[in-house]
Structures are given as C-alpha cells and as structure tokens.
Amino acid sequence: QKEVEQNSGPLSVPEGAIASLNCTYSDRGSQSFFWYRQYSGKSPELIMSIYSNGDKEDGRFTAQLNKASQYVSLLIRDSQPSDSATYLCAFQWGNYGQNFVFGPGTRLSVLP
Amino acid sequence: ETGVTQSPTHLIKTRGQQVTLRCSSQSGHNTVSWYQQALGQGPQFIFQYYREEENGRGNFPPRFSGLQFPNYSSELNVNALELDDSALYLCASSTGGGQGNEQFFGPGTRLTVL
C-alpha cells in the first residue's frame with residue numbers, strides 16, 4: 001500500500017514567521033515529489049516539485065527531500081495570511097511514474 | 001488559471017444512475033489523470049490516460065472507467081452510482097506519462113449522489 005503521511009493540523013503560525021510542513025512517504029523507489037496548495041472550495045495548485053535530495057528554493061518556498069529517510073518538507077518563509085490553506089504532499093510511483101499518491105493534507109492558518 | 005477545464009461544475013444524481021464527467025487538458029499536454037476527493041481528504045488517484053490508453057490505475061472498481069480522445073481531452077464515467085461516490089472529481093493534465101511530469105488541475109466537478 002503506497003501511502004503519504006502528513007500531520008492534518010491545523011498548524012497555526014503568526015504572520016511573518018516560518019511555517020514548516022512535513023510529509024513521509026512509503027515507496028522507497030519514488031523519484032518525484034510534489035507540494036500543492038488547496039484553498040477551501042478550490043482545486044489544488046502546484047507549488048513546487050522536487051526530485052533530488054537536498055533543498056530547492058522558489059521565492060518564499062523551500063522544499064527539502066531526504067530519500068534515505070523517505071521524508072519531504074516544505075518551508076514557507078515570511079508567512080502571510082494569504083498562505084492559509086491546505087498543503088498537499090504527493091509522490092509518483094510505477095515504472096513510468098504513472099501512479100500518484102496524495103497525502104491527506106496539512107491545514108495551515110497564518111494569523112495576522 | 002491552469003488552462004485545464006472541466007464540465008459540468010456541479011451535478012446531482014441519484015443512486016444507481018450513471019454519470020459522465022469531462023475534462024479538456026492544457027494546451028501541449030497529452031496526459032490526463034483523474035482523482036476523487038472526498039471532503040477533508042486528499043485526492044485519491046483513479047487512473048491516468050496517456051495517448052488514449054489507460055496508463056495507471058488506483059484502487060477503484062471497474063464501474064469507474066474512462067476515455068481519452070485524439071485531442072487529449074478525457075471523460076470519466078461512473079456506473080451504478082453509490083452514495084459514497086459523492087465527492088469533488090478532479091482532472092489533471094501533464095506532458096508525457098513518465099516520472100517528474102508536473103500535473104496541473106482543473107477546477108473540478110462536484111458530484112452529489114442522493
């Protein structure tokens with residue numbers, strides 16, 4: 001059974017702080033990992049993909065991947081109230097990456 | 001906006017009926033994946049279509065079936081609807097069917113089964 005585990009939250013941080021979201025996954029052979037943001041009543045939107053161990057930065061977002069620990073995280077610097085949403089972690093698996101598994105999501109609340 | 005469109009936006013059906021949901025992929029994308037998202041849960045992968053063939057499938061029964069057309073648009077068909085099929089149905093498009101291809105979601109179809 002391929003699984004992604006995330007803390008469901010809610011995770012509350014004050015405006016301007018760093019929000020740290022974590023995810024563990026079950027498939028050691030997975031190569032591709034994704035973070036999505038989903039506002040209430042909307043569809044998920046892609047924030048970042050990461051494929052190699054280490055950090056990947058894009059603006060205020062940094063994704064971190066550790067394949068040995070089967071762990072991926074997302075840091076949001078200078079959190080804004082507009083970042084309040086559910087954050088979904090996902091990975092691909094299969095010979096051609098044709099299958100996807102999403103976690104249940106972590107609800108983030110950034111307090112003004 | 002991702003360029004992925006879905007229709008209809010909302011749909012109400014009764015148990016036992018059949019439903020067809022539609023998705024148009026983003027320009028340049030040849031792969032469509034379908035997901036079911038129940039309230040408060042993450043999206044559950046139903047299947048993926050790549051070049052008009054089912055390329056991968058999640059843990060869904062055969063009454064969930066699909067098609068992809070030569071223009072890469074896709075349909076999701078659900079037969080013998082059950083109350084638990086009430087959910088947001090999402091399609092996502094991407095380029096190619098391999099590892100590392102980012103998926104972009106459409107706005108979803110909200111299905112209610114009474």
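Predicted model only: the values in this text are computed from it and were never measured. To find a chain, count down the sequence lines: A is the first, B the second, and so on, and within it residues start at 1.
The candidate with the highest count of non-hydrogen atom pairs below 4.5 Å against chain B, out of A/Asn99, A/Thr86, A/Val4, is A/Asn99. With respect to chain A, the highest number of heavy-atom pairs below 4.5 Å among B/Gly58, B/Gly42, B/Gly106, B/Ala92 belongs to B/Gly42.
With a 4.5 angstrom heavy-atom cutoff, B/Arg57 touches chain A only via backbone atoms. Of the atoms belonging to A/Tyr51, it is side-chain heavy atoms, and not backbone ones, that fall under 4.5 Å from chain B. If you measure heavy-atom distances from A/Phe33 to chain B, you find no contacts under 4.5 Å at all. Interface remark: A/Gln6 contributes no atoms to any contact with chain B (heavy atom separation under 4.5 Å). Interface remark: B/Gln37 contributes side-chain atoms only to the contact with chain A (heavy atom separation under 4.5 Å). Looking at B/Phe47, there are no atoms closer than 4.5 Å to chain A (heavy atoms on both sides), in backbone or side chain. Heavy atoms closer than 4.5 Å to chain A are found in the backbone of B/Gln41, but not in its side chain.
Contacts of residues 103-112 of chain A with chain B at a heavy-atom distance below 4.5 Å involve A/Gly103, A/Pro104, listed in sequence order.
Within the structure, salt bridge (charged side-chain N to carboxylate O under 4.0 Å, His left out) pairs that include any residue of residues 10-30 of chain B comprise B/Arg22-B/Glu75 (at least two apart or interchain).
Partner of B/Phe45 under the ring pair (Phe, Tyr, Trp, His ring centres under 6.0 Å) criterion, chosen from B/Tyr35, B/Trp34, B/Phe60: B/Tyr35.
Residues A/Ile47 and A/Leu21 fall within the same hydrophobic cluster, defined by Ile, Leu, Val, Met, Phe, Trp and Tyr side chains chained together at heavy-atom separations under 4.5 Å.
Counting heavy-atom neighbours within 6.0 Å of A/Glu5 CD, excluding the residue itself, gives a total of 12 or less. Annotation: B/Arg63, atom CZ; neighbour count of heavy atoms from other residues, nucleotides and ligands within 6.0 Å is above 12. The neighbour count for B/Leu39 CG, taken as heavy atoms of other residues, nucleotides or ligands under 6.0 Å away, does not exceed 12.
For A/Lys67 and A/Asp27, the salt-bridge test fails: no basic side-chain N is under 4.0 Å from an acidic carboxylate O.
Contact annotation: the side chain of B/Thr109 never approaches that of B/Leu76 to less than 4.5 Å [non-hydrogen atoms, C-beta and beyond]. Residues B/His29 and B/Asn101 are not in side-chain contact: their nearest non-hydrogen atoms beyond the backbone lie 4.5 Å or more apart.
The shortest heavy-atom contact between B/Gln17 and B/Thr14 is OE1-N, 2.8 Å.
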